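Just so we're on the same page: letters track the sequence lines, and every chain starts at 1. The model shown is predicted, which means the values in this text are computed figures rather than measured ones.
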Amino acid sequence: MTHSAAQVSYLDDGHTLRSWLLSTDHKRIAILYIVAITFFFFVGGVAAFLIRYNLISPNGLIGSAETYNRLFSMHGILMVWFFLVPAAPVTLGNFLTPLMLGARDLAFPRLNLLSWYLFVIAGFIALYAVVGGGVDTGWTFYTPLTSFYSKGHVVAAVVAIFIAGFSSIATGLNFIISIHKLRAPGMTWYKMPVFLWSLYATSVILVLATPVLAMTLLLLAFERIFGIGVFDPAIGGDPLLFQHLFWFYSHPAVYVMILPGFGVISEIIPAFSRKELFGYKFVVWASIAIAVIGFLVWGHHMFVAGTSLYSAIVFSLLSYMVAVPSAIKVFNWIGTMHKGYIRFDAPMLYAIGFIGLFTTGGLTGLFVAALAADVHLTQTYFVVAHFHYVMVGGMVSAYFAGFHFWWPKMTGRLYPEMWGRVGAILIFVGFNLTFFPQFLLGYLGMPRRYFAYPQHFEALNLLSSASAMVLAVGYLLPLGYFAWSLLYGERASANPWGATGLEWTTPSPPPTENFAVTPTVTQPPYQYEHAETVSHE
Amino acid sequence: MSDVATHEFQFASAEHQRETAISGIWLFLASEALFFGPIFLSWIYARLADPSAFDAGARQTDLTIGIVNTALLIASSFAYGVGLASIQFGSRRRMVVWLLFACTLGLAFLGLKFGVEWRSDLEKGLFPGANFSIQGPTRNGAQLFFAFYFFSTALHGLHLIVGLGLVAWIISQARQFTPKRHTPVLIVGLYWTFIDIIWLVLFPLIYLIGRAS
Amino acid sequence: MTGVVVRLFAVASLMVALLAAELAAVFIFPAWGRIGVAIIAAAMVGVAAFGFMDLRREGPPVWLLAAAALLWLAILLGLGSLDPLTRTLYPTVIAAP
Ligand code: HEM
Ligand SMILES: [Cu+2]
């Protein structure tokens with residue numbers, strides 16, 4: 001394909017602020033999202049830092065349990081709704097979906113821009129809620145604590161999450177419809193890259209679970225404002241109804257966090273093993289299975305809450321089923337690497353780290369999904385360690401992996417590879433040293449969400465807090481070298497990794513209309529055995 | 001305006017764009033259906049807590065208004081359907097008339113629901129809380145019913161107001177639509193009937209189940 | 001045009017008839033009971049979806065979306081009510097203050 005000189009890169013198509021803030025180009029919106037998401041990640045990170053700081057000493061260094069409650073609520077709310085849930089879809093997904101489809105944009109570009117504004121408005125309301133006054137309910141907003149007893153800006157926090165939810169729905173809707181309707185000629189469902197399948201599964205959850213959360217939060221706000229409602233036990237209402245509804249959304253939401261990560265890893269492993277993805281159909285159907293089965297397990301968050309024993313047993317069994325498709329994927333990635341020609345560039349280091357961390361998180365998920373074991377482990381640091389392994393170890397590693405992999409495409413620049421590798425290793429080591437001790441602490445019985453703890457837990461907490469500093473350095477490092485790369489990085493070619501996929505056939509950075517000529521797809525993805533080997537410039 | 005359908009640059013043709021928009025609204029409606037899910041589940045929970053007291057609350061509602069309102073919404077979907085058919089057969093003027101009629105029926109629903117029914121409910125002290133007027137053993141269950149009632153009808157009413165706004169927008173843009181280009185008319189119509197469908201579920205939950213045996 | 005209007009009118013009439021049937025199930029034939037009301041209400045929803053929204057005329061992707069909505073609602077309401085339906089309630093004694 002030849003590129004006429006008339007094609008303007010999307011980065012050069014207008015330099016005014018207006019040309020960014022009113023752009024409907026999915027690539028520009030992705031950049032807008034990256035700015036917003038990164039900001040919330042660091043604000044949430046500051047809260048995390050303060051939590052670990054407090055836990056250095058058994059008596060709590062912050063000195064006030066109230067402040068501590070507000071800190072972990074702030075951390076949870078910002079990280080879940082303003083980083084983990086949206087991050088990968090709205091940044092990588094927005095940038096890549098049309099490129100991978102061979103399309104010029106998403107189906108509804110204006111809706112896409114609207115979703116960014118909703119997100120930013122929601123973000124500022126959330127910041128107002130958690131900083132100017134705070135919320136002390138945790139990210140889970142359980143009733144009746146939240147409706148009747150908690151102090152602070154509960155309604156503002158709820159409104160923020162409600163609005164952010166509609167931003168998610170808009171994004172998910174756009175992806176599903178684009179994938180149905182905008183595939184390039186020849187791109188059948190089974191010729192689609194796995195990233196798009198993952199995004200499709202993610203979007204199904206976003207579109208069908210988020211509205212449930214939205215309405216639940218309205219019911220909660222109603223109860224808090226009028227002092228009475230359907231969750232109010234005083235009139236025979238059921239607080240467990242709130243938990244059911246909340247987890248109907250929030251369990252699938254954990255798969256919203258991880259599924260795009262699965263997609264990223266499935267792109268990277270073949271590219272850096274120079275091999276076709278092993279068991280493509282298993283990988284894609286595993287994503288769909290996760291999206292569906294993920295809706296059948298929410299009761300495992302409520303084993304000790306007073307639900308019926310019968311339903312607890314059903315939910316426990318179903319929870320075991322959801323681990324099967326995740327395990328299938330892990331085996332497929334390892335099968336892809338087997339006998340491959342493996343290159344250890346930063347994206348691949350992150351991807352390999354991801355496999356280990358996600359597997360640890362997933363397997364400990366099975367510990368807590370076992371009804372009997374969970375009675376001991378629930379509400380302890382074991383659960384905290386479990387979900388940080390999947391969300392931070394898993395999702396954030398995959399996000400960073402994808403960011404490094406597609407950075408040249410997004411910016412037209414290469415990042416310094418050596419620093420990328422150092423960052424990946426720092427994050428892997430720092431992460432394990434921070435969170436593995438928490439498995440031990442939880443197993444030994446340290447409860448979560450308390451600002452003080454018995455003396456004999458001090459050593460492990462100290463280790464966790466100290467290692468968190470390593471992790472923090474690991475997360476800050478990319479901020480530095482990515483900024484450097486924007487200014488001084490080497491220019492990237494169209495396909496610096498020698499990867500397959502339509503996004504690599506267009507220049508880096510891509511022109512506004514993505515493809516000069518709409519591409520026609522003839523091959524299945526990941527034909528690495530037949531692709532020319534990478535040139536090491 | 002000419003009757004040549006145009007399309008945005010990510011689509012291959014105007015037909016492609018139309019199909020995409022229609023799939024989009026259906027997916028949005030699927031999402032909306034789940035949005036009402038918690039309301040339905042909370043009805044189940046609230047009723048299970050004490051069925052006879054809950055039903056006693058439900059029997060305090062105004063069945064006549066409920067029936068009239070249901071009929072109004074059915075008629076408004078019919079009116080909208082005729083409006084849509086009118087533009088498809090080329091009569092823009094007739095479309096506007098039928099859409100205005102659909103709006104009027106929607107407004108009548110709102111007037112009856114909030115102007116008449118809610119007002120009398122509030123006067124009778126049926127809003128849950130300390131001043132709730134039903135005493136005795138059914139008090140709690142009836143309060144639970146009315147918490148559900150006020151919440152769900154308010155939410156449905158808000159959707160209807162949004163729907164009215166959309167229909168008004170279609171009317172104001174009427175000049176643009178032709179037999180070949182009227183996707184927005186179709187899309188708003190789908191949303192309009194969807195609001196009816198929600199009501200068709202709420203109506204028995206509010207007015208009928210508590211009176212049935 | 002007339003054909004369409006006649007069809008829409010038939011749909012609306014059918015729905016009004018079903019509304020009347022709902023009321024009959026409550027007041028005239030109590031034996032139909034709540035189940036009868038629920039079945040008729042479901043029928044009304046179906047008539048509206050196929051009659052007014054022309055669900056039949058849309059292609060398979062749209063059917064898939066509509067079916068997904070129903071399936072997911074069924075999951076929410078089904079698994080969601082499993083717990084209250086099978087719960088053992090122990091009598092509580094509220095001590096007098
Ligand atoms: C292999 C599949 C998984 C299973 C079987 C599983 C199981 C569980 C169980 C049973 C709990 C409740 C523990 C308790 O509160 O006592 C739990 C908590 C949690 N899991 Fe998982 N999990 C899995 C994967 C994931 C993934 C992939 C994520 C996120 C990306 C995740 C995020 C969470 C979160 C956030 C919580 C804690 C919520 C809270 O109470 O604040 N899990 N998990
Ligand atoms: Cu879960």
Side-chain angles (χ1 to χ4, degrees), chain A residues 107 172-173 176-177 179-181 183 189 200 203-213 215-216 233-234 236-249 251-252 288 291-303 305-315 317-319, chain C residues 15 19 22 26 30 33-97:
Chain A
L173 192 147
I176 292 183
I177 300 297
I179 291 173
H180 270 282
K181 293 288 183 187
R183 299 194 308 276
W189 284 87
Y200 187 88
S203 306
V204 168
I205 302 177
L206 284 176
V207 170
L208 296 175
T210 318
V212 172
L213 176 75
M215 186 59 88
T216 307
D238 195 340
L240 285 191
L241 171 61
F242 176 83
Q243 297 188 22
H244 279 297
L245 291 170
F246 181 84
W247 291 112
F248 177 88
Y249 163 82
H251 183 83
I288 304 297
V292 178
I293 304 174
F295 276 93
L296 309 179
V297 305
W298 78 81
H300 64 214
H301 294 272
M302 305 165 62
F303 284 156
T307 56
S308 87
L309 184 61
Y310 180 74
S311 85
I313 292 173
V314 170
F315 276 121
L317 287 174
L318 287 169
S319 301
Chain C
M15 288 180 66
L19 173 61
E22 272 186 333
V26 175
R34 301 192 182 93
I35 304 286
V37 174
I39 293 173
I40 300 168
M44 288 175 84
V45 169
V47 171
F50 285 95
F52 287 139
M53 295 169 91
D54 268 331
L55 186 53
R56 202 167 49 88
R57 260 219 315 244
E58 310 290 351
V62 166
W63 296 337
L64 190 76
L65 301 178
L70 287 183
L71 175 66
W72 260 262
L73 270 177
I75 295 174
L76 172 65
L77 302 181
L79 270 178
S81 46
L82 180 63
D83 166 29
L85 285 174
T86 58
R87 220 182 270 170
T88 325
L89 289 178
Y90 299 98
T92 47
V93 182
I94 300 172

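A/Leu208 approaches C/Ala68 most closely through the heavy-atom pair CD1-CB, 4.4 Å. Closest non-hydrogen pair, A/Ser308 versus C/Asp83, comes out as N-OD1, 2.9 Å.
Using a 4.5 Å cut-off on side-chain heavy atoms (C-beta onward), A/Phe315 and C/Leu79 make contact. Between C/Arg87 and A/Thr307 there is no side-chain heavy-atom pair separated by less than 4.5 Å. Looking at heavy atoms from C-beta onward, C/Leu85 lies out of side-chain contact with A/Tyr310 at the 4.5 angstrom threshold.
Looking at A/Leu309, neither its backbone nor its side chain comes within 4.5 Å of chain C, counting heavy atoms on both sides. No part of A/Leu241 comes within reach of chain C, as not one of its non-hydrogen atoms sits under 4.5 angstrom from that chain. Heavy atoms closer than 4.5 Å to chain C are found in both the backbone and the side chain of A/Phe295.
Note: A/Phe248 CZ to C/Leu77 CG = 8.5 Å, rounded to the nearest 0.5 Å. For the atom pair CG (C/Leu82) and NE2 (A/His244), the distance works out to 8.5 Å, reported to the nearest 0.5 Å.
When each of A/Ile176, A/Val314, A/Leu296, A/Leu318 is scored by its heavy-atom pairs under 4.5 Å with chain C, the top score falls to A/Leu296. Heavy-atom pairs under 4.5 Å with chain C were tallied for A/Val207, A/Leu240, A/Val212; the largest tally goes to A/Leu240.
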Margin query: Run C/Trp72 and A/Val204 through side-chain contact (heavy atoms from CB on, under 4.5 Å) and show every step you take.
Written below: CA-CA 11 Å; C/Trp72 260 262; A/Val204 168; 4.1 Å; yes
